Amino acid sequence: MGHLFLAMRVALLDDFHPLIKETLKKWGWEVINAQSWEPNDFHIYSHDLDGLFIRSRISLNKEVLKNARKLKFIARPGAGLENIDLNYCKENNIAVFRSPEGNRDAVAEHTLGMILMLLNKLKFADSEVRDGIWNRESNRGIELMGKTFAIIGYGFMGNAVAKRLAGFGVNVIAYDKYLSNFQSDIVKEVSLEEVYSTADFVSLHTPLDQDTLGLVNDKFIAKFKKPFYLINTARGKSVVLNDLVRALKTGHVLGACLDVLELESSSFENFNFRKNPDFNKLTKMKNVLFSPHIAGWTLESKEKMAIFLLNKLKQYFL
């Protein structure tokens with residue numbers, strides 16, 4: 001839009017790629033290191049800020065934002081915006097920027113890596129060989145070729161996963177409540193009913209909102225015509241762990257790849273899983289694979305998210 005703001009005061013509320021701070025300073029903007037700010041600090045110091053860079057550490061709801069009366073933008077490297085009151089921002093002309101283009105490749109590769117590791121029992125095969133156990137039959141794997149892989153949420157992440165699957169001979173189908181007419185040579189656009197009736201794999205690539213909170217529960221799982229594998233690299237609170245445990249025990253879910261869990265803190269940085277009975281049950285299941293919310297967390301993605309975000313800010317403000 002070409003707005004001209006040559007000297008803005010911007011706070012960095014989390015750890016970001018150095019390129020962000022370096023570039024903002026080249027633009028002549030004042031950059032404040034606010035990584036140690038707590039919500040009360042934000043209330044005290046935000047009144048004269050023009051911009052914010054944030055990930056997930058602080059929730060920017062209406063009560064928090066109303067003191068930032070000069071705020072012109074919020075920038076969030078990555079995809080999720082659930083910790084930002086988007087309605088308040090729209091009503092108060094606060095532009096919100098994100099950069100899902102920057103970590104889509106990382107998410108897609110991680111998704112495929114988890115699936116292949118689970119299907120080919122690589123975690124346990126490796127562990128057994130290290131212990132001197134050479135057991136081929138119990139580690140016989142399952143192929144992706146010919147299976148139907150359902151993607152729920154066909155944004156940047158879902159599309160990147162579909163592209164990776166194209167070379168595996170997989171029938172890729174996708175459902176997105178908010179998108180239509182995205183069918184291509186690599187993916188077939190379908191209804192949820194077709195997902196329920198045909199999917200061998202279900203991979204979530206959705207934001208966290210009222211439609212996706214607790215999406216995968218007993219009711220959702222019961223609609224599938226055959227057992228399936230679940231992959232979640234989106235948001236932990238989209239899968240109800242108690243219901244997933246039950247489905248894994250009954251065989252309605254054949255296995256799960258979980259990069260995110262509903263037990264995470266809102267910042268995604270902390271956890272206290274050991275006292276949770278559902279998590280303890282999952283850890284004992286060989287058909288469940290975990291990673292600590294790192295699907296989009298590569299060295300390359302950290303830089304790419306910064307680049308995409310800075311380019312959007314440059315186009316808008318300079």
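Quick note: numbers below take in every heavy atom, side chains included, and nothing from hydrogens, waters or symmetry partners. This is a predicted model, so every value here is computed, not measured.
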Enquirer: Among Val195, Thr198, Val190, exactly one meets side-chain contact (heavy atoms from CB on, under 4.5 Å) together with Thr148. Which residue is that?
Expert: Thr198

Enquirer: If we ignore angles and hydrogens, is there a donor and acceptor under 3.5 Å between the side chains of Asp211 and Tyr178?
Expert: yes

Enquirer: Got a donor-acceptor contact below 3.5 angstrom from the Ser301 side chain to the Gly296 backbone?
Expert: yes

Enquirer: Hey, could you give me the NE2/OG1 distance between His17 and Thr23, rounded to the nearest 0.5 Å?
Expert: 9.5 Å

Enquirer: Quick test of your reading of the model: are Glu30 and Arg9 salt-bridged, counting only N-O distances below 4.0 Å?
Expert: yes

Enquirer: Do we see a donor-acceptor contact under 3.5 Å between the side chains of Asp209 and Thr212?
Expert: yes

Enquirer: For Phe308 and Phe156, run ring-ring contact (aromatic ring centres under 6.0 Å, His included): C-alpha distance rounded to whole Å, both residues' side-chain angles, the deciding distance at 0.1 Å, then the answer.
Expert: CA-CA 13 Å; Phe308 277 106; Phe156 289 102; 8.3 Å; no

Enquirer: Within this structure, what is the NZ-CG distance for the pair Lys26 and Leu24, rounded to the nearest 0.5 Å?
Expert: 11.0 Å

Enquirer: Using side-chain contact (heavy atoms from CB on, under 4.5 Å) as the criterion, point out the one residue from Ile231, Val260, Val239, Thr111 that pairs with Leu204.
Expert: Val239

Enquirer: Got a donor-acceptor contact below 3.5 angstrom from the Asn120 side chain to the Leu116 backbone?
Expert: yes

Enquirer: Taking atom CD as the centre, does Glu143 end up with more than 12 heavy-atom neighbours from other residues, nucleotides or ligands that are less than 6.0 angstrom away?
Expert: no

Enquirer: So does Ala79 get a backbone contact from the side chain of Arg98, meaning a donor-acceptor N/O pair under 3.5 Å?
Expert: yes

Enquirer: Using a 4.5 Å cut-off on heavy atoms from C-beta on, say whether the side chain of Arg246 contacts that of Asn242.
Expert: yes

Enquirer: Kindly give the heavy-atom pair with the smallest separation between Asn61 and Asp85, and that separation in Å.
Expert: CA-CB, 3.9 Å

Enquirer: Could you go through Ile173 and Tyr175, starting from their C-alpha distance and side-chain angles, then the distance that decides it, and tell me whether this counts as side chain to side chain contact (heavy atoms under 4.5 Å, CB included)?
Expert: CA-CA 7 Å; Ile173 61 176; Tyr175 167 80; over 6 Å; no

Enquirer: To the nearest 0.5 Å, what is the distance between CG on Leu49 and NZ on Lys70?
Expert: 8.5 Å

Enquirer: Any idea how Trp29 and Phe73 line up, ring-wise: parallel (<30°), tilted (30 to 60°), or perpendicular (>60°)?
Expert: tilted

Enquirer: State, to 0.1 Å, how close Leu244 and Ala256 come at their nearest heavy-atom pair, and which atoms those are.
Expert: CD2-CB, 4.3 Å

Enquirer: Distance check, rounded to the nearest 0.5 Å: Asn139 atom CG versus Leu122 atom CG?
Expert: 9.0 Å

Enquirer: Below 6.0 angstrom between ring centroids: does that apply to Phe228 and Phe149?
Expert: no

Enquirer: Does some side-chain heavy atom of Lys66 sit less than 4.5 Å from a side-chain heavy atom of His43?
Expert: no

Enquirer: Please check if Leu81 and Ile74 belong to a single hydrophobic cluster, counting links between Ile, Leu, Val, Met, Phe, Trp and Tyr side chain heavy atoms closer than 4.5 Å.
Expert: yes

Enquirer: With no hydrogens and no angle check, is any side-chain donor or acceptor of Glu189 less than 3.5 Å from a backbone partner on Asn181?
Expert: yes

Enquirer: Side chain of Arg57, backbone of Leu13: donor and acceptor closer than 3.5 Å?
Expert: yes

Enquirer: Within a strict 4.5 Å, meaning less than it, do heavy atoms of the Leu310 and Leu19 side chains meet?
Expert: yes

Enquirer: Flag yes if more than 12 heavy atoms outside Lys226 fall under 6.0 Å of its NZ atom; otherwise flag no.
Expert: yes

Enquirer: Are Lys302 and Phe16 in a cation-pi contact, defined as NZ or CZ under 6.0 Å from the six-membered ring centre and within 45° of the axis?
Expert: no

Enquirer: Please check if any side-chain donor atom of Asp259 sits under 3.5 Å from a side-chain acceptor atom of Ser291, or the reverse.
Expert: yes

Enquirer: Looking only at heavy atoms, what is the nearest atom pair of Leu313 and Ala75, with distance?
Expert: CD1-CB, 4.4 Å

Enquirer: Do Leu192 and Leu179 share a hydrophobic cluster, counting only Ile, Leu, Val, Met, Phe, Trp and Tyr and linking them when any side-chain heavy atoms are less than 4.5 Å apart?
Expert: no

Enquirer: Starting from Ile307, can I reach Val107 by hopping between I/L/V/M/F/W/Y residues whose side chains sit under 4.5 Å apart?
Expert: no

Enquirer: What class does the angle between the rings of Tyr229 and Phe201 fall in, given that below 30° is parallel, 30 to 60° is tilted and above 60° is perpendicular?
Expert: parallel

Enquirer: With a sphere of 6.0 Å drawn around NZ of Lys21, does it hold more than 12 non-hydrogen atoms of other residues, nucleotides or ligands?
Expert: no

Enquirer: Any side-chain to backbone donor/acceptor pair from Asp41 onto Glu38? Under 3.5 Å, distance only.
Expert: yes

Enquirer: Hey, is the main chain of Glu300 close enough, under 3.5 Å, to the side chain of Glu303 for a donor-acceptor pair?
Expert: no

Enquirer: Within a 6.0 Å radius of atom OH on Tyr45, are there more than 12 heavy atoms belonging to other residues, nucleotides or ligands?
Expert: no

Enquirer: Can you check whether Ser238's main-chain N or O pairs, donor with acceptor, with Asn232's side chain at less than 3.5 Å?
Expert: no

Enquirer: May I ask you to decide if Arg136's main-chain N or O and Arg140's side chain share a donor-acceptor pair within less than 3.5 Å?
Expert: no

Enquirer: For atom NZ of Lys121, decide whether the heavy atoms of other residues, nucleotides or ligands shown that lie under 6.0 angstrom number more than 12.
Expert: yes

Enquirer: Any luck finding a side-chain donor-acceptor pair between Asn217 and Asp243 under 3.5 Å?
Expert: no

Enquirer: Indicate yes or no for a side-chain donor-acceptor contact from Asn87 to the backbone of Cys89 under 3.5 Å, with no hydrogens or angles considered.
Expert: no

Enquirer: Could you check whether His110 and Thr233, counting side-chain N and O atoms only, form a donor-acceptor pair closer than 3.5 Å?
Expert: no

Enquirer: State, to 0.1 Å, how close Ser46 and Asn67 come at their nearest heavy-atom pair, and which atoms those are.
Expert: OG-ND2, 3.5 Å

Enquirer: With a 4.0 Å cut-off, would you call Arg69 and Asp48 a salt bridge?
Expert: no

